[in-house]
Amino acid sequence: QLQLVESGGRLVQPGGSLRLSCAASGFTFSTYTLAWYRQAPGKQRERVADLATDGRPWYADFVKGRFTISRVNAWNTLYLQMNNLKPEDTAVYYCNRIPNAIWGQGTQVTVSS
């Protein structure tokens, strides 16, 4: 059974850092491009970053230079290192494979002083 479990979100001050984790199971993790998405209140879900099987990352313009996506295939785990967080980064963050599978619960990131 496919499962995606995000963790690591919390309240953080502007300028702070967080590392999100995504534990995946139920599919062959190493053979998929994996991605982080986010959804802020009242807004559509948007892709933040993705990481292809060959290690090539893609980042949305609004996180370039601040976020880093990585993966450990042996652990079926995807990460998102987020630095210099801004209030506009506040959202529920989700991971998924591409093509998308079932969505997990997400993890809440709140950036506020």
Side-chain angles (χ1 to χ4, degrees):
Q1 180 179 352
L2 191 146
Q3 193 171 20
L4 298 161
V5 180
E6 301 91 347
S7 62
R10 61 175 176 85
L11 173 65
V12 63
Q13 291 189 341
S17 296
L18 281 177
R19 189 176 81 155
L20 305 183
S21 299
C22 169
S25 59
F27 65 99
T28 308
F29 185 85
S30 62
T31 65
Y32 284 87
T33 292
L34 300 165
W36 284 98
Y37 300 79
R38 70 185 187 186
Q39 188 167 20
K43 295 188 176 181
Q44 287 192 327
R45 188 173 291 165
E46 58 186 358
R47 191 184 305 181
V48 173
D50 67 47
L51 186 58
T53 56
D54 64 2
R56 287 178 298 117
W58 171 88
Y59 296 99
D61 286 345
F62 50 80
V63 302
K64 276 183 182 176
R66 300 189 298 124
F67 291 12
T68 303
I69 189 171
S70 61
R71 63 196 290 172
V72 179
N73 289 336
W75 298 344
N76 285 3
T77 304
L78 181 71
Y79 299 100
L80 186 67
Q81 177 67 42
M82 306 188 294
N83 298 328
N84 190 21
L85 283 159
K86 304 176 181 181
E88 51 264 42
D89 295 319
T90 295
V92 179
Y93 284 72
Y94 302 86
C95 64
N96 213 319
R97 69 183 193 189
I98 296 174
N100 291 159
I102 188 170
W103 292 93
Q105 294 297 307
T107 187
Q108 175 71 49
V109 173
T110 303
V111 185
S112 175
S113 55

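The structure presented is a predicted model; accordingly, all values stated were derived computationally and were not measured.
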Under 3.5 Å, side-chain donor or acceptor atoms of residues 5-12 against the rest of the protein: list the pairs with distances, not counting sequence neighbours.
| from | atom 1 | to | atom 2 | distance (Å) |
| --- | --- | --- | --- | --- |
| E6 | OE1 | G106 | N | 2.9 |
| E6 | OE2 | C95 | N | 3.0 |

Taking only distance into account, with no hydrogens and no angle test, what donor-acceptor pairs under 3.5 Å do side-chain atoms of residues 19-29 form with protein atoms, sequence neighbours excluded?
none

When the side chains of residues 76-84 are checked against the rest of the protein, which donor-acceptor pairs come out under 3.5 Å, sequence neighbours left out?
| from | atom 1 | to | atom 2 | distance (Å) |
| --- | --- | --- | --- | --- |
| T77 | OG1 | W75 | O | 2.8 |
| Q81 | NE2 | N83 | OD1 | 2.9 |
| N83 | OD1 | S17 | OG | 2.9 |

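Residues forming a side-chain hydrogen bond (donor to acceptor under 3.5 Å, both in side chains) with S70 (at least two apart in sequence, or on another chain): none. Take Q3 and apply the side-chain hydrogen bond (donor to acceptor under 3.5 Å, both in side chains) test, not counting sequence neighbours, and it matches no residue. The side chain to side chain contact (heavy atoms under 4.5 Å, CB included) check on K43 picks up A40, with sequence neighbours excluded. Among residues two or more places apart in sequence or in another chain, the side-chain hydrogen bond (donor to acceptor under 3.5 Å, both in side chains) test is passed with E46 by R38.
Other cluster members for I98: Y37, V92, Y94, W103, joined by side-chain heavy-atom distances under 4.5 Å among Ile, Leu, Val, Met, Phe, Trp and Tyr.
With values rounded to the nearest 0.5 angstrom, I102 atom CD1 is found 11.0 Å from R97 atom CZ. Note that CZ of R56 is 9.0 Å distant from CG of D50, once rounded to the nearest 0.5 Å.
In this structure the side chain of V111 never reaches within 4.5 angstrom of the side chain of E88, judged on heavy atoms.
The ring-ring contact (aromatic ring centres under 6.0 Å, His included) contacts involving residues 50-74 comprise nothing, where partners must be two or more places apart or lie in separate chains. Applying the salt bridge (charged side-chain N to carboxylate O under 4.0 Å, His left out) rule to pairs touching residues 66-82 yields R66-D89, sequence neighbours excluded.
Considering every non-hydrogen atom in both R47 and A60, the closest pair reads O-CB, 3.7 Å. S113 and P14 get closest at one heavy-atom pair: N-CD, 3.7 Å. What you find for S30 and T53 is that their closest heavy atoms are O-CG2, 3.3 Å. Of all non-hydrogen atoms in L4 and N96, the two that sit nearest each other are CD1-OD1, 3.7 Å.
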